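Okay, structure first, notes after.
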2 protein chains.
Amino acid sequence: MRSHYCGDLSEAHIDQEVTLCGWVNRRRDHGGVIFIDLRDREGLIQLVFDPEDSPENFRHAEQVRSEYVLQVKGRVRHRPEGTENPDLKTGKIEVLSQELVLLNASETPPFPVDEKLEVSEEVRLRYRYIDLRRPESLQRLRFRSEIIRQLRKFLDERGFLDIDTPVLTKSTPEGARDFLVPSRTHPGQFFALPQSPQLFKQLLMIAGVDRYYQMVRCFRDEDLRADRQPEFTQLDIETSFLHEDEFMGLMEEMIKELFATVLEVPLHTPFIRMPYAEALACFGLDKPDLRIPLRLVEVGDLMKMVEFKVFAEPAQDRDGRVAALRLPGGGKLSRKEIDDYTKFVAIYGAKGLAYIKVVERRRGREGLQSPILKFLPDEVIGAILDRTGAEDGDVIFFGADKASIVNEALGALREKLGHDHGLVEHGWRPLWVIDFPMFEWDETSSRWSALHHPFTSPKEEDLPLLEQDPGACRSRAYDLVLNGTEVGGGSMRIFRSQVQTQVFRLLGIGDEEAREKFGFLLDALKYGCPPHGGIAFGLDRLVMLMTGSASIREVIAFPKTQTATCPLTGAPGPVAEAQLRELGIRARKSTPEKG
Amino acid sequence: MRSHYCGDLSEAHIDQEVTLCGWVNRRRDHGGVIFIDLRDREGLIQLVFDPEDSPENFRHAEQVRSEYVLQVKGRVRHRPEGTENPDLKTGKIEVLSQELVLLNASETPPFPVDEKLEVSEEVRLRYRYIDLRRPESLQRLRFRSEIIRQLRKFLDERGFLDIDTPVLTKSTPEGARDFLVPSRTHPGQFFALPQSPQLFKQLLMIAGVDRYYQMVRCFRDEDLRADRQPEFTQLDIETSFLHEDEFMGLMEEMIKELFATVLEVPLHTPFIRMPYAEALACFGLDKPDLRIPLRLVEVGDLMKMVEFKVFAEPAQDRDGRVAALRLPGGGKLSRKEIDDYTKFVAIYGAKGLAYIKVVERRRGREGLQSPILKFLPDEVIGAILDRTGAEDGDVIFFGADKASIVNEALGALREKLGHDHGLVEHGWRPLWVIDFPMFEWDETSSRWSALHHPFTSPKEEDLPLLEQDPGACRSRAYDLVLNGTEVGGGSMRIFRSQVQTQVFRLLGIGDEEAREKFGFLLDALKYGCPPHGGIAFGLDRLVMLMTGSASIREVIAFPKTQTATCPLTGAPGPVAEAQLRELGIRARKSTPEKG
């Protein structure tokens, strides 16, 4: 039906007869002539309808409104001098229309496609098919498709097999709530939608597949935070007989090639590999944004003996931490600004935000401003200034509390200061965070929980710690962090059944429960399981970062809202009572039942 | 951890030091030396452990049993003359082992990997990770991955965007039962798993995506027949601004390229395009297997006036049919064989199976054998022999009944005869079936139902028939049939909202119901919907055909059984009462409730 895409036309096509199909982006009548910008997915082209050239054709063009669908035959020509549009790829040419076929009309769309009018997300999602006509929206989907293509290409070339795993499966324990699907043929029983294909990919390794990948939909029935979707896409990868260093190296090459081909950005490999403990010490977080040059500095050792209890007590506490964070040029922060940062860190549980402003360092104590100066001896002040590298005009903030609170509060403050004060460097700063602890102590349930998941292998040299000191046992897990966002997480897996059993027990999963939930994995581990490990990348998040989008909803064709609904189709919706009966379930009454 | 795959070694590696990882396929002790066949996904290699060479190494090798996981260093050498194994790719070489690391042990597997022992499907699926170690099982998954890769490559190169659509969505009306997912955040409401992304891909066309594809999981909660799965994978494609001829041509090229690259089989394009009416007339089915050279022949016009009522009545009936089917060489069929075929056609509702054996045609009536000869005049017999091209030694079968029964019975008989008598030609015989009727009359509900789906466009020239004679109205649908299996089905879609409304009404979908179920589509059609159409290929079935597998379960990594369960994970399974409460549902009691 067409010879070219509108947006692909160029001066190379001058004098050619072309047939185009597309949407009316805009119609203008000027000097007795009608100009129509016709749009397809490649761009715009200006059509000209001249009544002297073809009166009938012109009359058809008069009927045309925005978003009508047209097929147009015509001849490409230069625009008259002085009427070129340098903002448009096809701005030097136009098509003198010789024949117009109106393929379909359009009502006035709920919002204009050709203007950058702010429209509420609810309305945009409800009319997603209009929203996607906006070039920047469609561009994101194209970009996503291209990213997926490049990732697949890399993996295909290296012998990875693309294998799909079930969607209707058994509940897997990734720590989130499952979506359930009632079974009609087995009333009272349920499938679960996978939170990840973790166990299936491990089984594929046990089967000898050796290298597996899949772009796979995963499901978590969580209360949605800003950047979550109930269904999301993961690039899931698993390999056998590779050490983590080799595996991380391979994944680095993949990301490097992706950025080189899709963004034309060179990334330097190997990526930084930062132990978890160092990430917390320097950045307070296990996903540091390295574009921000600020760093936390340890000062606990200086504070053990000071009179100031707010510092001395956490400094003496085994679980406490006292840390400093210098903001260059922060000496000019107003009282109000400091108050606002104090409120900000309070969100993370910090009870206050002590600070020292450095006015003129060479004057010693006299050259500083701070409500806490009087509590600190000269040598402590001197050491703080030295360690933080303070210069005139800076401010130094302090966190002193349980280490977890200090880390969260100063970690968040560091990123906020970075953004507020324009300190975020340009570019891409990937790193691997490694050497995670296997377990963290959960105060609520008074037991160990897995920092990654229960199939993550301990480090070989830390195996004895499983019995002696689980909290000190490090795992073979690794997270890929990019500009402060975790884009991938993985590990070498447990491949010996007795280690798996030991870890289950430590996590409070009794042998009976383990057998019931993971019996098939425990069985499989007994029949010759190879050393193996892998990773899962959050594809939506990666695409979001690479496209500079504000939300993952922008890079998903038909996303759900933050209340997990689809304004377009109206899902979820009511179903017929007969359907429920067939499935062997009934809806509970929404009000509490009375005896 | 390794330098090569086992199966990749060849004489090119003679004298090289290699490190291999894999599974013990078999251990043999012979002449004081241990031979181990080590297996990885690329194949087998023979390892040699000589006690004189390395006693410690040899002692390790003595511990080794089938399916143990090893890492072995050694040197590649020629096998001694006379000990080569021509059945093995690596049969001319072996690896003299210098170092053996036992990576993992294995219990005795539930069935041997290295023997072609028949094992029940239930056991194979329960231990799928062992089953997949069998080279032919793994090979199917590799082949599937390769097919997917080639299809994607073709589409990527032609500007198709890979876009994923929701899994948690609204019930779509593909005619099958939906799987439902209760919404926790909206108690009493349900998501449905998609039977296909039909409406989403149409919306993407309305959005201007122009060319879309997706390898997509689809779900149907059907009672499972031999070759169905509750979840299956579809290659889903949609395009805008293409006529069906162009579109079918593009798809042909895709299939042609797939067969050329993956099977090294040349297919001839263009594929045959056969109207639905012709398919029924000649083959009785809308998915004829063209490898079988038998054809149905119309004889109804000859039978209108014969005395034999079994033939005359259907011949006079507007809905009846009388057809003949010649089996070359079938004259030697025994009474028992003919009885068996009679029973076979009875499955399809045929009340009998008349036949004429051609012994010696030149002798006329005398040269024939048949219980029905006496009912037929000479000129009718002569015409039958002429039309069927009967030769001495043939048998001619007859079907006479309602056309639908004759078609089903003779269509099935034709394929059975073809297989029973070795008439199935080698090779691949693709064809398009086109010109389907839009509707078929459903006797049960006394209304029209859609032969494809309600979004299929009528032929432009048949539009007036929507009102005048819906049964005569043909659609713009097309099915791709390969060796008797429908591997793809699609159509040009309705793109004008008033046609869509008209079709809904014909199908007995009232305006209110249409708005409730498809309101978003009807809305979208109003805002500039382009002419568009597409297709969906059953990927599992295509892979099954191309790998010559007996069932689609063979080409799915973790299939469900025919009772829709997974013997490996035990899905579906029971869930905690608390989970159901959170979802706002409860299980019905399995026994009828008592007042």
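Chain letters run A, B, ... following the sequence lines, proteins first and then strands; every chain starts at 1. What you see is a predicted model, and the numbers here were worked out from it, not measured in a lab.
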_Counting heavy-atom pairs closer than 4.5 Å to chain B, which one of F200(A), F191(A), W23(A), Y527(A) comes out on top?_
Y527(A)
*Can you tell which part of E582(B) gets under 4.5 Å to a heavy atom of chain A, answering side chain, backbone, both or neither?*
side chain
*Is there side-chain contact between T165(B) and K201(B), with at least one heavy-atom pair below 4.5 Å?*
no
*For M215(A), is it the side chain, the backbone, both or neither that has a heavy atom under 4.5 Å from a heavy atom of chain B?*
neither
*Name the region of R217(B), side chain, backbone, both or neither, that has any atom closer than 4.5 Å to a heavy atom of chain A.*
side chain
*Selection from D523(A), I585(A), D131(A), L138(A) maximising heavy-atom pairs under 4.5 Å formed with chain B*: I585(A)
*Judged by atom type as modelled, is there a donor-acceptor pair below 3.5 Å linking the side chain of S3(B) to the main-chain atoms of T19(B)?*
yes
*asked:* Tell me if the CZ atom of R152(A) is crowded by more than 12 foreign heavy atoms within 6.0 Å.
replied: yes
*Give the member of A587(B), C529(B), P559(B) that has the highest number of heavy-atom pairs under 4.5 Å with chain A.*
C529(B)
*Option in L132(B), T563(B), I206(B), L203(B) with maximal non-hydrogen atom pairs under 4.5 Å from chain A*: I206(B)
_Any heavy-atom pair between the side chains of D210(B) and Y5(A) that's under 4.5 Å?_
yes
*Check each atom of R39(A) against the heavy atoms of chain B and say whether the ones under 4.5 Å are side chain, backbone, both or neither.*
neither
_Choice from T233(B), T185(B), L70(B), L103(B) maximising heavy atom contacts with chain A below 4.5 Å_ = L103(B)
*S137(B) versus chain A, heavy atoms under 4.5 Å apart: side chain, backbone, both or neither?*
neither
*Can you tell if the side chain of F190(B) reaches within under 4.5 Å of the side chain of L583(B), non-hydrogen atoms only?*
no
Identify every side-chain donor-acceptor pair in residues 567-580 of chain A under 3.5 Å, counting partners at least two apart or on other chains, and give the distances.
unit_1	atom_1	unit_2	atom_2	d
T569(A)	OG1	A571(A)	N	3.3
E577(A)	OE2	R588(B)	NH2	2.8
Q579(A)	OE1	A576(A)	N	3.2

*asked:* So for I148(A), is it side chain, backbone, both, or neither that comes closer than 4.5 Å to the heavy atoms of chain B?
replied: side chain
*Taking the side chain from D40(A) and the backbone from G22(A), do they hold a donor-acceptor pair closer than 3.5 Å?*
no
*asked:* At a 4.5 Å cut-off on heavy atoms, which part of A524(A) comes close to chain B: side chain, backbone, both, or neither?
replied: both
*Between S240(A) and chain B, which part of the residue has a heavy atom less than 4.5 Å away: side chain, backbone, both or neither?*
backbone
*Does any heavy atom of chain B fall under 4.5 Å from the side chain of F219(A), the backbone, both, or neither of them?*
side chain
*Between G188(B), A557(B), G159(B), the one whose heavy-atom pairs under 4.5 Å with chain A are most numerous*: G159(B)
*chain B contact via D221(A) - side chain, backbone, both or neither, heavy atoms under 4.5 Å*: both
*Set of side-chain contact (heavy atoms from CB on, under 4.5 Å) partners for S145(B), sequence neighbours left out*: L161(A), D162(A)
*Between chain B and each of R184(A), K526(A), R581(A), count heavy-atom pairs under 4.5 Å; write down the option with the most.*
R184(A)
*chain A heavy atoms under 4.5 Å from K153(B): which part of the residue, side chain, backbone, both or neither?*
neither
*Could you tell me which portion of R41(B) (side chain, backbone, both or neither) has an atom closer than 4.5 angstrom to a non-hydrogen atom of chain A?*
both
*Side chain from CB out, backbone as N, CA, C, O: work out which of these in R134(B) comes under 4.5 Å of a heavy atom of chain A, or both, or neither.*
neither
_E516(A) atom CD, neighbour heavy-atom count above 12 within 6.0 Å_ = no
*Portion of A564(B) that has a non-hydrogen atom of chain A nearer than 4.5 angstrom*: both
*At what distance, to the nearest 0.5 angstrom, does CD of E222(B) lie from CZ of F179(B)?*
9.0 Å
*asked:* Within the structure provided, determine whether C218(B) and E231(B) are in side-chain contact (heavy-atom separation under 4.5 Å).
replied: no
_Point-to-point distance, once rounded to the nearest 0.5 Å, from NZ of K517(B) to CG of L199(B)_ = 12.0 Å
*Interchain contact, L168(A) with chain B, by part (heavy-atom threshold 4.5 Å)*: both
*So which part of R144(A) gets closer than 4.5 Å to some heavy atom of chain B, the side chain, the backbone, both or neither?*
side chain
*May I ask you to name which of F495(B), Y68(B), Y127(B) has the most heavy-atom pairs under 4.5 Å with chain A?*
F495(B)
_Side chains of H186(A) and T565(B) in contact at under 4.5 Å (non-hydrogen atoms)_ = yes
*Is it the side chain or the backbone of Q214(B) that comes within 4.5 Å of chain A heavy atoms, both, or neither?*
side chain
*Hey, what do you get for CZ (R65(B)) to CG (L102(B)), rounding to the nearest 0.5 Å?*
11.0 Å
_For the interface with chain A, which of P230(B), S497(B), P531(B) has the highest count of heavy-atom pairs at distances below 4.5 Å?_
P531(B)
*Any idea which heavy atoms bring L193(A) and D178(A) closest together, and the distance?*
O-OD1, 4.0 Å
*Tell me, side chain or backbone of D164(A) under 4.5 Å from chain B's heavy atoms, or both, or neither?*
both
*Test item: S106(A) and V69(A) side chains (from C-beta on) under 4.5 Å apart, heavy atoms*: no
*In terms of heavy-atom proximity below 4.5 Å to chain A, should Q71(B) be classed as side chain, backbone, both, or neither?*
neither
*Proximity breakdown for F241(B) and chain A, heavy-atom pairs closer than 4.5 Å*: both
*Which bit of I130(B) comes within less than 4.5 Å of chain A, counting heavy atoms only: side chain, backbone, both or neither?*
side chain
_E67(A) vs V113(A) side-chain heavy atoms within contact, under 4.5 Å_ = yes
*Below 4.5 Å from any heavy atom of chain B, which atoms of R211(A) appear? Answer side chain, backbone, both or neither.*
both
_Only pairs of heavy atoms separated by less than 4.5 Å count here; which of P109(A), G528(A), P530(A) has the most with chain B?_
G528(A)
*P182(B) versus chain A, heavy atoms under 4.5 Å apart: side chain, backbone, both or neither?*
both
*Top residue by heavy-atom pair count (under 4.5 Å) with chain B, among V181(A), D156(A), L180(A)?*
L180(A)
*Working to the nearest 0.5 Å, report the span between CD of Q202(A) and CZ of F518(A).*
10.5 Å
*Quick one: which of I163(A), V209(A), L242(A) has the most heavy-atom pairs under 4.5 Å with chain B, could you say?*
V209(A)
*Should the pair E42(A)-R142(A) be classified as a salt bridge under the 4.0 Å nitrogen-to-oxygen rule?*
yes
*asked:* Counting only non-hydrogen atoms closer than 4.5 Å, does C566(B) touch chain A with its backbone (N, CA, C, O), its side chain (CB onward), both, or neither?
replied: neither
*asked:* Can you confirm whether Q229(B) sits close enough to D540(B) that some side-chain heavy atom of one is under 4.5 Å from a side-chain heavy atom of the other?
replied: no
